[in-house]
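What you are looking at is a predicted structure, and each value in this text was computed from that prediction instead of being measured. Residue numbers start from 1 in every chain, and the chains themselves are labelled A, B, ... in the order their sequence lines are given, proteins ahead of strands.
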Amino acid sequence: MSTVQVLLFSVLRQRIGEGSLVLDLETPATGADLLDHLEAQYPIVGEYRPVLRLAVNQEYVPETVTLADGDEVALITPVSGG
Amino acid sequence: MEKKENRHWFLLQHEPLDVGAAFAFLQTPRAGGIDLFVGTTRQWTGDKETTRLEYDCYEAMALKEMERLAGEACERWPVERVFIAHRLGVVPPAEASVVVGVATPHRADAFEACRFLIDTLKQQIPIWKREVYADGETEWVEGPAPPRI
């Protein structure tokens with residue numbers, strides 16, 4: 001099992017009601033596996049999935065990334081700084 | 001959060017942004033042009049009145065992305081100094097939410113590099129704004145769908 005921390009911001013933080021979640025995933029797990037898992041529990045993740053980017057340890061990565069125990073994963077909805 | 005080196009200064013802060021400090025940092029005898037972009041809270045968008053913006057941010061990553069974008073600008077243009085700052089939390093109308101500044105030997109490069117930094121910041125840096133309207137409604141603003149990775 002890998003334990004990862006999932007960080008939520010903006011609309012996902014508001015709709016899910018948490019700023020971070022801790023998830024245990026069967027290894028090996030990819031970013032897509034993590035999103036499948038979250039989507040099953042939180043439909044809002046599915047709604048945003050077509051435009052969602054993943055960051056692992058503060059870097060954008062594709063969904064195919066393999067997650068490691070202790071990773072910090074952030075779900076990045078379309079950003080709107082500036 | 002902040003990262004300041006001789007030629008780069010990146011800032012995320014809840015307090016008002018100091019454009020004078022940005023200009024002072026960008027001044028160097030090696031530059032002949034300084035371009036400063038300041039983004040501010042607009043009160044009216046069509047017939048909707050904004051009373052304030054609220055910014056959420058993934059700070060650790062935002063600072064790294066600022067540094068990465070500045071590095072890209074330095075590869076493409078002869079940049080002597082870069083300043084990027086974003087305000088977080090509540091930003092009232094007319095106040096600055098973002099300041100991007102670049103110093104280069106000649107002005108054409110300063111305009112181009114500054115334009116690149118603010119445009120790319122708006123697509124890449126993990127910061128989100130929420131509009132709070134005069135009628136009490138709120139709305140998280142979503143930028144255009146990002147490029148796939």
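In this structure, OH on A/Tyr60 lies 13.0 Å from NZ on B/Lys64, to the nearest 0.5 angstrom.
By the rule that hydrophobic residues join a cluster once side-chain heavy atoms approach within less than 4.5 Å of another member, B/Leu36 and B/Phe116 end up as members of separate clusters. B/Val79 is not connected to B/Phe111 by any chain of hydrophobic side-chain contacts under 4.5 Å among Ile, Leu, Val, Met, Phe, Trp and Tyr, and they are in different clusters. No single ILVMFWY cluster, assembled from side-chain heavy atoms under 4.5 Å apart, contains both B/Tyr133 and B/Val91. Transitive grouping of hydrophobic side chains (ILVMFWY, heavy atoms separated by less than 4.5 Å) keeps B/Leu11 and B/Leu88 in distinct clusters. Hydrophobic clustering (ILVMFWY, side-chain heavy atoms < 4.5 Å, transitive): B/Tyr58 and B/Met66 are in distinct clusters.
For A/Glu59, the CD atom sits in a loose shell: 12 or fewer heavy atoms of surrounding residues, nucleotides or ligands are nearer than 6.0 Å. More than 12 heavy atoms of other residues, nucleotides or ligands sit less than 6.0 Å from atom CG of B/Asp135.
In this structure, B/Lys129 contributes its side chain and A/Ser80 its backbone to a donor-acceptor pair below 3.5 Å.
The two residues A/Pro78 and B/Gly143 have their closest heavy-atom pair at CB-O, 3.3 Å. The minimum heavy-atom distance linking B/Ile127 with A/Val79 is given by the pair O-CB, 3.5 Å. Contact record, B/Ala145 with A/Val51: CB-CG1, 3.7 Å, taken as the closest heavy-atom pair.
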>> B/Trp128 vs A/Ile76, test: side chain to side chain contact (heavy atoms under 4.5 Å, CB included). Steps then yes/no.
In response: CA-CA 10 Å; B/Trp128 298 264; A/Ile76 313 283; 3.7 Å; yes
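Sorted by first then second residue, the side-chain hydrogen bond (donor to acceptor under 3.5 Å, both in side chains) pairs that include residues 18-41 of chain B, not counting sequence neighbours, are B/Arg30-B/Glu80.
Comparing B/Gln123, B/Glu139, B/Arg130 by heavy-atom pairs within less than 4.5 Å of chain A, the highest count is held by B/Gln123. If you tally non-hydrogen atom pairs under 4.5 Å between each of B/His86, B/Gln124, B/Glu65 and chain A, the highest count goes to B/Gln124. Of all the listed residues (B/Asp56, B/Leu63, B/Ile125, B/Val100), the one sharing the greatest number of non-hydrogen pairs under 4.5 Å with chain A is B/Asp56.
Contact annotation for residues 5-27 of chain A against chain B (heavy-atom separation below 4.5 Å, listed by residue number): A/Leu7, A/Phe9, A/Ser10, A/Val11, A/Arg13, A/Gln14.
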